[in-house]
Amino acid sequence: MAALIQRLSWLLAICVALVPSGIQAVDRSNFKTCSQSSFCKRMRDIPPGQSPYRALLETLELSNTRLTLQLINDNNKVRLLLELYRLQGNMTRLKINELKPLRPRFEVPDVLIADPPTEPLSLVSQDEGGVVLSLGSDARHVVVSAQPFRLDIVEGPRVLLSVNSRGLLAFEHQRPRKDTLSKISNTVSSMWDTIKNIFSSNNENDSEEGEVADDPENENDEKEEDQPDMWEETFKSHTDSKPNGPTAISIDFSLPAVEHVYGIPEHAENLKLKTTHGGDPYRLYNLDVFQYELNNPMALYGSVPVLLSHSPQRTMGIFWLNAAEMWVDISSKAVEKMDAAQTPSEVPLTDIHWISESGIIDVFIMLGPKPSDVFMQYTSLTGTQSFPPLSALGYHQCRWNYNDQEDVRNVDQGFDDHDIPYDFIWLDIEHTDGKRYFTWDPAHFPQPREMLQGLMDKRRKMVAIVDPHIKVDSGYKIHKEIHSKNLYVKNKDGGDYEGWCWPGTAGYPDFTNPDMRTWWASMFSYDQYEGSMENLYIWNDMNEPSVFNGPEVTMHKDALHGSWEHRDVHNLYGFYVQMATAEGLIQRSGGVERPFVLTRAFFAGSQRYGAVWTGDNAAEWSHLKISIPMCLSLGLVGISFCGADVGGFFKPPSAELLVRWYQTGAYQPFFRAHAHLDTPRREPWLFGPENTALIREAVRERYALLPYWYLLFYKANHTGQPVMRPLWVEYPEDAITFAIDDEFLLGDDLIVHPVTEEGSKGVTVYLPGNGGVWYDAHTFQRHVGGQNLYVPVTMSSIPVFQRGGSIIPRKNRVRRSSSCMENDPYTLYVALSPQGTAEGELYIDDGHTFNYQLQKQFIHRRFIFAESTFSSRNISPDSQFSTASWVERVFILGAHRPSSVTLKTSDGNVSSLEFDFDKATSVLTIHKPGVNVGADWILLLQ
Ligand SMILES: *[C@@H]1O[C@H](CO)[C@@H](O)[C@H](O)[C@H]1NC(C)=O
Ligand SMILES: *[C@@H]1O[C@H](CO)[C@@H](O)[C@H](O)[C@H]1NC(C)=O
Ligand SMILES: *[C@@H]1O[C@H](CO)[C@@H](O)[C@H](O)[C@H]1NC(C)=O
Ligand SMILES: *[C@@H]1O[C@H](CO)[C@@H](O)[C@H](O)[C@H]1NC(C)=O
């Protein structure tokens with residue numbers, strides 16, 4: 001839910017200077033382009049090939065694990081301090097800061113899960129040209145060249161990545177404001193005081209500081225300070241006071257042999273990132289964008305500053321740990337290169353130019369070499385996907401708004417009447433008492449506990465929205481306490497920052513403050529959050545933060561979080577809101593229950609706290625289609641629990657679009673339908689019996705596959721591998737897969753190619769893997785890998801293929817919710833490889849607590865089929881859990897007809913089982929093994 005028509009009218013009422021332009025799509029004039037953002041323009045205007053930076057080799061210091069080296073800008077003599085670390089697991093960390101900053105620069109806290117473990121770094125050689133350092137055994141080195149400064153990571157004779165090879169390193173050192181600029185601002189003297197205060201209170205070394213007090217060659221500074229907008233900048237009606245002046249940073253990375261780069265979400269963009277030459281760079285600045293446009297580099301709700309590069313030889317990643325507004329330019333080209341025989345050939349080269357408004361350069365270079373290595377490397381830094389409650393992987397029914405308890409009851413009953421399973425019904429902002437979060441509208445939701453109990457009786461749950469804008473109202477407990485504890489974000493003059501949002505005038509808690517987060521978490525306890533119960537979970541919306549009357553609909557950059565400006569921390573705000581909320585849900589259960597929290601804004605590491613969705617999309621085919629690359633891009637950078645509003649948030653979908661969206665959403669990690677207040681109702685049974693049946697079937701497919709979804713999330717939690725994957729992740733050498741984003745893998749066993757075109761009669765599915773086979777998950781028809789397959793479709797088709805060589809567990813009985821399926825039997829789908837083998841896993845626990853972690857209460861089994869024998873083995877012998885579920889049926893796809901099927905159990909029982917064999921499809925169906933799924937057992941086909 002979010003930015004809407006009301007907002008527009010508020011804006012018009014509040015901001016006189018706002019000039020509305022075309023309203024059918026995003027109002028682009030509300031958001032800056034690079035040239036309207038002074039730091040972006042300054043950094044983008046740096047001419048390549050003229051780096052003023054030189055490494056001062058005489059300052060080099062090497063401890064066991066850390067190299068430090070000063071860099072000097074020969075134009076202004078300002079020195080920088082470079083730190084280099086070799087990290088465990090094929091990573092290098094590069095930090096660059098001012099050697100003597102006038103005031104400290106922001107370094108992002110709380111995103112790394114720990115100090116990354118380092119490994120020894122050793123000097124291989126050094127001369128006046130530079131130094132060579134070893135990165136361990138396999139001929140991998142860092143080469144630091146002195147003049148101009150550049151850094152290359154090489155492996156044997158190959159350069160893997162270069163830093164500053166184009167000379168775009170820039171570091172706007174802090175400086176006192178020049179008096180000559182006082183004309184443009186009448187607050188200059190107060191700013192001087194501010195600077196001096198910070199200067200003396202934060203830095204006892206001020207006598208030798210200043211820009212370069214100890215260096216005589218300062219003549220270029222005048223020129224540097226001449227540029228407009230460095231000390232104050234106006235966008236539309238908003239002026240950013242920038243009391244600390246210019247602080248931008250920038251550097252370039254070059255990736256030889258690379259032409260495919262991915263990541264840096266969130267953008268409504270294809271999976272493979274485009275060259276930004278001739279347009280704007282990709283922008284990362286968490287913003288509430290009303291009716292966002294597709295295929296453009298504008299910023300959206302969340303930011304993960306991680307870029308992946310991929311070529312058949314290697315996958316790598318660049319993680320730019322910085323929370324300020326940033327822009328990323330990408331350009332790919334072919335360059336001529338001599339091969340060994342001195343014949344020229346064209347090889348690709350991709351250049352990246354990374355720009356941030358403040359903070360420091362803190363870059364993690366992840367060297368792979370395989371995609372799975374990069375995922376492990378990145379999640380070893382920022383954590384893996386949280387392991388959600390099983391129910392959160394079911395279907396979620398949301399709309400803005402379910403009007404009252406009666407409405408909730410009727411919708412809930414509608415699912416039973418139409419035999420459609422669901423787990424969560426959601427309440428948007430209207431459920432509150434006047435947009436005061438943690439409260440209930442007394443007229444429409446007078447008995448929330450009764451309502452929640454009604455859902456609990458059916459083993460279902462609810463999500464209520466809790467947004468971070470707090471109504472300024474002296475009678476509202478939440479506001480009163482945050483205000484009196486002095487925990488609101490401050491405006492530049494030191495008062496509580498106030499902006500307009502849903503409740504009218506609102507304060508914004510300073511979630512960067514641990515005290516604020518602790519207090520917020522405590523508000524979710526059952527005695528504080530009146531009317532809440534253990535089946536009530538939370539949704540954090542508008543946490544970019546959205547400020548209707550703020551610059552670009554967000555917070556003023558000169559607002560203050562303690563001593564830091566909002567400018568420094570902006571992209572972290574939503575991360576902290578979700579962190580505090582998830583912590584609250586854990587605490588209210590005494591640390592027993594796993595939380596579920598959905599967030600709209602996010603940052604690197606947000607995967608640790610729950611799910612994200614792609615914000616306020618629209619009921620258009622193009623939005624359905626873009627949901628695939630948007631979630632794939634998030635999965636590549638750690639955030640697996642992603643979904644898009646099924647049906648599209650704005651506008652009413654046609655019945656066909658709605659059905660196709662359910663069919664797509666059923667195969668995406670977070671599966672929630674949502675709709676704008678002004679759209680007609682669209683519960684699944686409102687489009688005629690045929691469409692109800694189609695939607696029912698899609699939702700049931702989701703529920704049948706829950707055991708597999710749960711396994712994938714368990715593995716994501718343990719190994720960092722994304723749940724929903726681009727094909728190239730599993731077929732890294734198959735260049736055909738590199739730009740595919742209309743189909744995707746779930747784990748490595750299912751390929752899904754949803755129908756995302758209106759009136760489609762068929763889709764062309766690329767089945768990767770030469771020499772392998774795939775089975776249609778519905779018809780069991782077998783297809784060879786390494787081909788484009790045209791698949792005719794009807795309205796009931798969801799093209800899904802199971803990989804030959806895999807075993808997937810399903811639960812095929814239809815129930816009201818996932819909890820009702822707890823003890824249901826399993827059916828195993830054994831899809832044989834051409835060699836007649838298959839493997840798969842099953843993971844089971846109680847579905848909602850941390851006992852799997854704390855007490856090892858789970859079952860984790862491996863199924864293996866080889867030499868006509870199926871076996872089930874315990875792969876975690878020290879774990880303990882029991883289930884009532886048994887094995888109902890085993891399908892073997894690609895089988896031969898056996899003469900008998902024999903079951904052997906661990907206690908020596910031997911029995912022969914009934915089976916059917918379908919010659920036309922080569923499917924062997926084995927009936928009723930009847931064994932407990934947690935036991936050891938064997939099936940022999942003879
Ligand atoms: C590090 O790189 C080497 C060689 O490229 C590779 O064999 C190894 O698996 C990688 N290790 C990790 C943890 O990624
Ligand atoms: C002041 O300088 C000393 C010596 O260079 C250093 O150890 C200390 O951290 C500096 N203090 C500040 C606040 O920068
Ligand atoms: C899995 O996620 C949980 C949160 O649900 C987290 O506490 C835990 O550290 C994660 N496990 C791993 C292995 O990362
Ligand atoms: C083995 O057979 C006995 C007797 O029929 C039965 O009670 C027992 O449950 C069987 N064991 C298994 C693991 O099925």
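Sequence positions, counted from 1, serve as the residue numbers for this chain. Just follow the structure's listing: the first ligand is 1, and inside any ligand the first atom is 1. Excluded from the calculations below are hydrogen atoms, water molecules and symmetry mates; all remaining heavy atoms, backbone and side chain alike, are included.
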How many angstroms lie between OG in Ser372 and CD in Gln377, if you round to the nearest 0.5 Å? 9.0 Å
What are the distances between nitrogen or oxygen atoms of ligand 1 and protein nitrogen or oxygen atoms, counting only those under 3.5 Å?
from	atom 1	to	atom 2	distance (Å)
ligand 1	2 (O)	Asn90	OD1	3.4
ligand 1	2 (O)	Asn90	ND2	2.3
ligand 1	2 (O)	Arg140	NH2	3.2
ligand 1	5 (O)	Arg140	NH2	2.9
ligand 1	11 (N)	Asn90	ND2	2.9
ligand 1	14 (O)	Asn90	ND2	3.3
ligand 1	14 (O)	Gly368	O	3.4
ligand 1	14 (O)	Gln377	NE2	3.1

One thing to verify: whether Lys715 and Asp748 come together as a salt bridge, which I'm taking to mean a side-chain N less than 4.0 angstrom from a carboxylate O. no
Looking at Asn64, I'd like to know if its CG atom is crowded, meaning that more than 12 non-hydrogen atoms belonging to other residues, nucleotides or ligands lie closer than 6.0 Å. yes
Tell me whether Asn90 contacts the main-chain N or O of Gly368 through its side chain, where contact means a donor paired with an acceptor under 3.5 Å. yes
Kindly indicate whether the side chain of Pro768, heavy atoms from C-beta on, has any atom under 4.5 Å from the side chain of Glu730. no
Of all the heavy-atom pairs spanning Phe603 and Pro305, show the shortest one and how long it is. CE1-CD, 3.6 Å
